[in-house]
Amino acid sequence: MQFFNTLTRKKEEFMPIDSREVRLYTCGPTVYNYAHIGNFRAYMFEDLLKRYLIYKGYKVKHVMNLTDVDDKIIKAIYRQNISITDYTQTYKDAFFRDLETLGILRADITPAATETIPEMVELVRSLLQKGFAYTTDEGSVYFQIAKFPGYGKLANLNTDEMQKGKRVENDEYEKEELRDFALWKGYKEEDGDVYWETELGKGRPGWHIECSAMSTKYLGNHFDIHCGGVDNIFPHHENEIAQSEGATGEKFVNYWMHCKHLIVDGQKMSKSLGNVYSLRDILEKGYSPEAIRLVLLNTHYRQTLNFTFEKLDAAEKNILKMRSFFKSLCNTDTSAAQFGPLVTEAEAEFDNCLADDLNISGAVGALFNLMKSVNSDLEGRKISETDAQKIMEFMKKSDSVLNVGRYEEALKAEDLSSEEYTLIAQRLEAKKAKNWAEADRIRDLFKEKGILLKDGPDGTTWERS
RNA sequence: GGCGACGUACCCAAAUGGCUAAGGGAGCGGUCUGCAAAAUCGUUAUUUACCGGUUCAAUUCCGGUCGUCGCCUCCA
């Protein structure tokens with residue numbers, strides 16, 4: 001399989017360091033607010049990557065950090081006058097709930113920055129010792145970019161010519177060179193009671209250091225894949241490379257993968273436009289988590305995803321179609337098998353597409369192509385037991401990656417009570433007797449319960465809405 | 001200013017140096033049906049922003065034009 005590596009700016013054959021286990025680090029949220037769909041686009045891309053690796057038989061060791069101390073959090077708790085842990089816990093909990101709703105596999109380890117302070121301090125000490133960092137009078141520690149020759153290779157930036165921007169106010173700390181970045185921020189009054197007393201002095205960690213510390217702690221100095229949104233390329237990931245490789249002298253990460261951003265209705269998300277949607281906002285509009293998942297999944301990760309409600313509507317229909325196709329496979333007879341080669345072909349196509357830098361459109365296309373061919377060749381006739389089994393197996397297997405059909409669950413959830421079965425039988429009797437009033441009465445009865453009765457040539461089927 | 005990406009039908013979106021340029025949504029036409037809904041079938045790009053070049057052959061490679069977008073210090 002091939003992935004596009006940001007570091008080399010080309011697709012590369014993927015070879016994990018350990019042939020059986022892939023070590024994966026993904027940048028997690030800053031827990032200062034509820035996550036929005038843009039955030040989830042990134043986690044969805046990472047979920048696709050992870051599920052596909054698992055589909056290919058790899059074990060995946062996945063670490064995702066939680067940034068639970070930073071400027072925004074400190075400002076917020078100061079305003080609201082609550083403790084930092086109370087504040088961040090709310091958003092940590094909400095984050096994991098949302099991931100579960102979207103069917104995103106949880107990372108094996110989700111360390112928080114505030115739980116990794118000793119490791120960060122150790123890393124900074126090592127950088128100081130090796131001469132990559134310096135301490136200022138205020139007790140802050142900075143990474144000295146001039147000392148690290150490869151700086152800029154990930155973002156493809158020539159840092160010598162980096163614009164000397166005017167917006168230095170963002171960073172009120174004094175440093176030798178503008179481009180140097182903070183490893184440790186010396187205590188300031190605004191920090192209130194957010195500080196740690198360490199060998200580096202009283203203060204708090206810089207942002208970039210936590211990812212270097214956590215990834216190394218759980219995945220080793222050198223691991224396979226590191227993911228995030230494109231905005232992380234610079235400066236965050238560039239700085240991580242500098243810190244980690246500076247400290248260990250080893251290569252940090254083999255494959256860097258970044259997804260592009262999500263926009264809404266063709267526009268950048270912004271509070272003033274009122275288009276910053278949380279997961280709950282969209283669920284409240286009546287859309288299913290699976291449809292949201294499919295929309296977030298269905299645009300290639302290196303392409304800007306334009307999130308629209310039209311796409312959600314289409315996704316709902318796609319999922320309905322997939323499930324209804326799966327359901328029709330339960331209706332078999334003794335006809336001869338004929339679709340074996342078609343299924344094999346679809347499965348190969350599905351796999352090949354994903355193996356090509358996660359070409360999701362092609363993979364989903366393979367699935368729909370199969371459904372179309374089968375339906376069209378069948379023309380209303382029933383399918384053989386052997387074919388049904390083969391196709392169901394492929395549908396379920398592909399759904400271990402897509403996780404939108406959830407076929408067996410969906411079938412189970414649709415099952416009716418014995419009273420309801422009796423009613424449907426009664427309705428069929430009424431229909432036979434051409435007692436349309438009674439038949440419609442029963443149909444309305446079901447409708448009130450959110451169950452749609454559908455009369456077909458072989459009797460009545462139903463669907464929960 | 002520097003670095004980079006993109007422009008495929010009404011909309012979304014793959015693929016490819018030459019075979020019918022996937023698939024989905026929407027529209028239209030049919031099947032099914034007491035009615036309905038759903039499902040399902042068929043159909044919708046002589047053509048890949050525009051102009052040149054390379055080539056037997058380009059939408060695909062190269063150059064230019066126009067347009068959209070991202071990054072260049074803490075936003076997934």
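Every chain is numbered from 1 and lettered A, B, ... according to where its sequence line falls, protein lines coming before strand lines. Scope of the values below: all heavy atoms of this structure, side chains included, with no hydrogens, waters or symmetry mates.
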A.B. asks: Does A:S376 or A:C27 map to a spot on RNA chain B nearer the 5' end, using the closest nucleotide for each?
C.D. replies: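 Its nearest nucleotide being more 5', the pick is A:S376.
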A.B. asks: Would A:D356 and A:K11 pass as an ion pair if we require N to O under 4.0 Å?
C.D. replies: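 Here A:D356 pairs with A:K11 in a salt bridge, since their nearest N and O are under 4.0 Å apart.
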A.B. asks: Rounded to the nearest Å, what distance is computed from the CG atom of residue A:N359 to the C1' atom of nucleotide B:G23?
C.D. replies: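 These atoms are roughly 11 Å apart.
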A.B. asks: Mind calculating the distance between CD1 (A:I319) and P (B:A39) to the nearest angstrom?
C.D. replies: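 To the nearest whole Å, that distance equals 13 Å.
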A.B. asks: Is any side-chain nitrogen or oxygen of A:K372 closer than 4.0 Å to OP1 or OP2 of B:G23?
C.D. replies: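 Yes, such a contact exists.
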A.B. asks: When you check the phosphate oxygens OP1 and OP2 of B:A14, does a side-chain N or O of A:Q303 lie under 4.0 Å from one of them?
C.D. replies: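 True: A:Q303 side-chain N/O within range (under 4.0 Å) of B:A14 OP1/OP2.
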A.B. asks: For B:A58 and B:C62, measure between their C1' atoms and round to the nearest Å.
C.D. replies: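 Their C1' atoms lie roughly 11 Å apart.
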A.B. asks: Can A:K327 and A:E414 be counted as an ion pair, charged N to O under 4.0 angstrom?
C.D. replies: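 A salt bridge is present here (some side-chain N lies under 4.0 Å from a carboxylate O).
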A.B. asks: Answer with base, sugar-phosphate or nothing: what part of the nucleic acid does A:S324 contact at a heavy-atom distance below 4.0 Å?
C.D. replies: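 The answer is sugar-phosphate, as A:S324 gets under 4.0 Å only of primed atoms, P, OP1 or OP2.
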A.B. asks: For the pair made of CZ in A:F368 and P in B:A14, what is the distance, rounded to whole Å?
C.D. replies: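 Rounded to the whole Å, the gap is 15 Å.
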A.B. asks: Looking at B:C74, I'd like to know if its phosphate oxygens (OP1 or OP2) sit under 4.0 Å from a side-chain N or O belonging to A:K185.
C.D. replies: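 False: A:K185 side-chain N/O out of range (4.0 Å or more) of B:C74 OP1/OP2.
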A.B. asks: Are A:F252 and A:Y25 close enough that their ring centres sit under 6.0 Å apart?
C.D. replies: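 That pair fails the under 6.0 Å test.
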A.B. asks: Can A:D351 and A:Y52 be counted as having a side-chain donor-acceptor contact under 3.5 angstrom?
C.D. replies: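 A pair is found: one side chain offers a donor N or O, the other an acceptor, under 3.5 Å apart.
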A.B. asks: Please step through ring pair (Phe, Tyr, Trp, His ring centres under 6.0 Å) for the pair A:Y43 and A:F95, ending with a clear verdict.
C.D. replies: CA-CA 11 Å; A:Y43 307 128; A:F95 178 67; 5.2 Å; yes
A.B. asks: Give A:F181 one of three labels, base, sugar-phosphate or nothing, depending on what nucleic acid heavy atoms sit under 4.0 Å from its own.
C.D. replies: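 Answer is nothing: A:F181 stays at 4.0 Å or more from every strand.
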A.B. asks: Base, sugar-phosphate alone, or nothing: which one does A:N232 contact when heavy atoms must sit under 4.0 Å apart?
C.D. replies: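 Sugar-phosphate contact only - A:N232 comes under 4.0 Å of backbone atoms but never of a base.
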A.B. asks: Would A:Y187 and A:Y195 count as a ring pair (Phe, Tyr, Trp, His ring centres under 6.0 Å) here? Give the steps.
C.D. replies: CA-CA 7 Å; A:Y187 182 74; A:Y195 62 85; 5.3 Å; yes
A.B. asks: Taking CD1 from A:I360 and P from B:A14, how many angstroms apart are they, rounded to a whole number?
C.D. replies: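 Going from CD1 in A:I360 over to P in B:A14 covers 11 Å.
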A.B. asks: Using a cut-off of 4.0 Å on non-hydrogen atoms, how would the nucleic acid contact of A:M64 be classed: base, sugar-phosphate, or nothing?
C.D. replies: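 Counting heavy atoms under 4.0 Å across all strands, no contact is made by A:M64.
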A.B. asks: Determine whether the side chains of A:D357 and A:Y301 contain a donor N or O and an acceptor N or O closer than 3.5 Å.
C.D. replies: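 Yes.
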A.B. asks: Identify the heavy atoms of A:L48 and A:V401 that sit nearest to each other, and give their distance.
C.D. replies: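 Scanning both residues, the minimum pair turns out to be CD1-CG1, 3.6 Å.
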A.B. asks: Determine the Euclidean distance between corresponding P atoms of B:A13 and B:C3; express it in Å to zero decimal places.
C.D. replies: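 My reading of the P atoms in B:C3 and B:A13 gives 29 Å.
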A.B. asks: Would you sort out whether A:Y134 and A:F143 count as a ring pair (Phe, Tyr, Trp, His ring centres under 6.0 Å), showing the intermediate values?
C.D. replies: CA-CA 7 Å; A:Y134 57 89; A:F143 188 95; 9.4 Å; no
A.B. asks: Counting the atoms with a prime plus P, OP1 and OP2 as sugar-phosphate, which does A:I263 contact under 4.0 Å by heavy atoms, base, sugar-phosphate, or nothing?
C.D. replies: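 The residue A:I263 makes no contact with any strand.
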A.B. asks: Would you classify A:H300 as touching base, sugar-phosphate or nothing, given that sugar-phosphate means primed atoms plus P, OP1 and OP2, and contacts are heavy atoms under 4.0 Å?
C.D. replies: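 Touches sugar-phosphate only.
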A.B. asks: Starting at atom NE2 of A:H258, determine the distance to atom C1' of B:C69, rounded to an integer number of angstrom.
C.D. replies: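 Computing the A:H258:NE2 to B:C69:C1' distance gives 18 Å.
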A.B. asks: Regarding A:D415 and A:Y421, is there a side-chain donor-to-acceptor distance under 3.5 Å anywhere?
C.D. replies: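 Their side chains do contain a donor-acceptor pair, which is all the 3.5 Å distance test asks for.
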A.B. asks: Quote, to the nearest angstrom, the P distance that separates B:G34 from B:C12.
C.D. replies: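 The answer is 41 Å between these two P atoms.
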A.B. asks: Under a 3.5 Å cutoff on both atom distances, Watson-Crick or G-U, what's the dot-bracket for RNA chain B ([ ] crossing, | other strand)?
C.D. replies: (((((((..(((.....[....)))((((((.......))))))....(((((..]....))))))))))))....
A.B. asks: Could you tell me the separation between the NZ atom of A:K321 and the C1' atom of B:A39, rounded to a whole number of Å?
C.D. replies: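 Result: 10 Å.
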A.B. asks: Using whole Å, what does the distance between atom C1' of nucleotide B:U31 and atom CZ of A:R381 come to?
C.D. replies: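 That distance rounds to 15 Å.
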A.B. asks: If you measure from the P atom in B:A26 to the same atom in B:U20, how many Å do you get, rounded?
C.D. replies: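 The answer is 30 Å between these two P atoms.
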A.B. asks: With sugar-phosphate meaning primed atoms plus P, OP1 and OP2, does A:G38 contact a base, only sugar-phosphate, or nothing at under 4.0 Å between heavy atoms?
C.D. replies: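 The residue A:G38 makes base contact.
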A.B. asks: With stacking defined as ring centroids separated by under 5.5 Å and planes differing by under 30°, is A:H261 stacked against B:A76?
C.D. replies: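 Stack criterion met.
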A.B. asks: Produce the list of close N/O pairs, under 3.5 Å, pairing protein atoms with atoms of nucleotides 34-36 of chain B; give distances to one decimal.
C.D. replies:
from	atom 1	to	atom 2	distance (Å)
B:G34	N1	A:D440	OD1	3.0
B:G34	N2	A:D440	OD2	3.0
B:C35	O2	A:R443	NH2	3.1
B:C35	N3	A:R443	NH1	3.0
B:C35	N3	A:R443	NH2	3.3
B:C35	N4	A:R443	NH1	3.3
B:C35	N4	A:D455	OD2	3.1
B:A36	N6	A:D455	N	3.4
B:A36	N6	A:D455	O	3.4
B:A36	N3	A:R443	NH1	3.1

A.B. asks: Could you say whether A:A366 or A:T30 is positioned toward the 5' end of RNA chain B, judged by the nucleotide with the nearest heavy atom to each?
C.D. replies: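 Its nucleotide being nearer the 5' end, the pick is A:A366.
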A.B. asks: In whole Å, I'd like the distance from the CD1 atom of A:I74 to the P atom of B:C74.
C.D. replies: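 After rounding, the gap between these two atoms is 16 Å.
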A.B. asks: Expressed as a whole number of Å, how far does the P atom of B:U59 sit from that of B:A49?
C.D. replies: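 My reading of the P atoms in B:U59 and B:A49 gives 9 Å.
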A.B. asks: Is any side-chain nitrogen or oxygen of A:N239 closer than 4.0 Å to OP1 or OP2 of B:U73?
C.D. replies: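 No, no such contact exists.
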A.B. asks: Looking for any heavy atom pair under 4.0 Å, which part of the strands does A:D231 touch: base, sugar-phosphate only, or nothing?
C.D. replies: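 A:D231: base contact, heavy atoms under 4.0 Å.
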A.B. asks: Given the P atoms of B:A22 and B:A15, what is the spacing between them in whole Å?
C.D. replies: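 Nearest-Å result for B:A22 against B:A15 at atom P: 14 Å.
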A.B. asks: Under a 3.5 Å cutoff, is there a donor and acceptor pairing between the side chains of A:Q338 and A:S384?
C.D. replies: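 Per modelled atom types, A:Q338 and A:S384 side chains form no pair under 3.5 Å.
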A.B. asks: Would you classify A:K327 as touching base, sugar-phosphate or nothing, given that sugar-phosphate means primed atoms plus P, OP1 and OP2, and contacts are heavy atoms under 4.0 Å?
C.D. replies: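 It contacts nothing in the nucleic acid.
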A.B. asks: Check A:F181, A:Y142, A:F234, A:W184 against A:H208 for a ring-ring contact (aromatic ring centres under 6.0 Å, His included) and give me the one that passes.
C.D. replies: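 Looking at A:F181, A:Y142, A:F234, A:W184, the match for A:H208 under the ring-ring contact (aromatic ring centres under 6.0 Å, His included) is A:F181.
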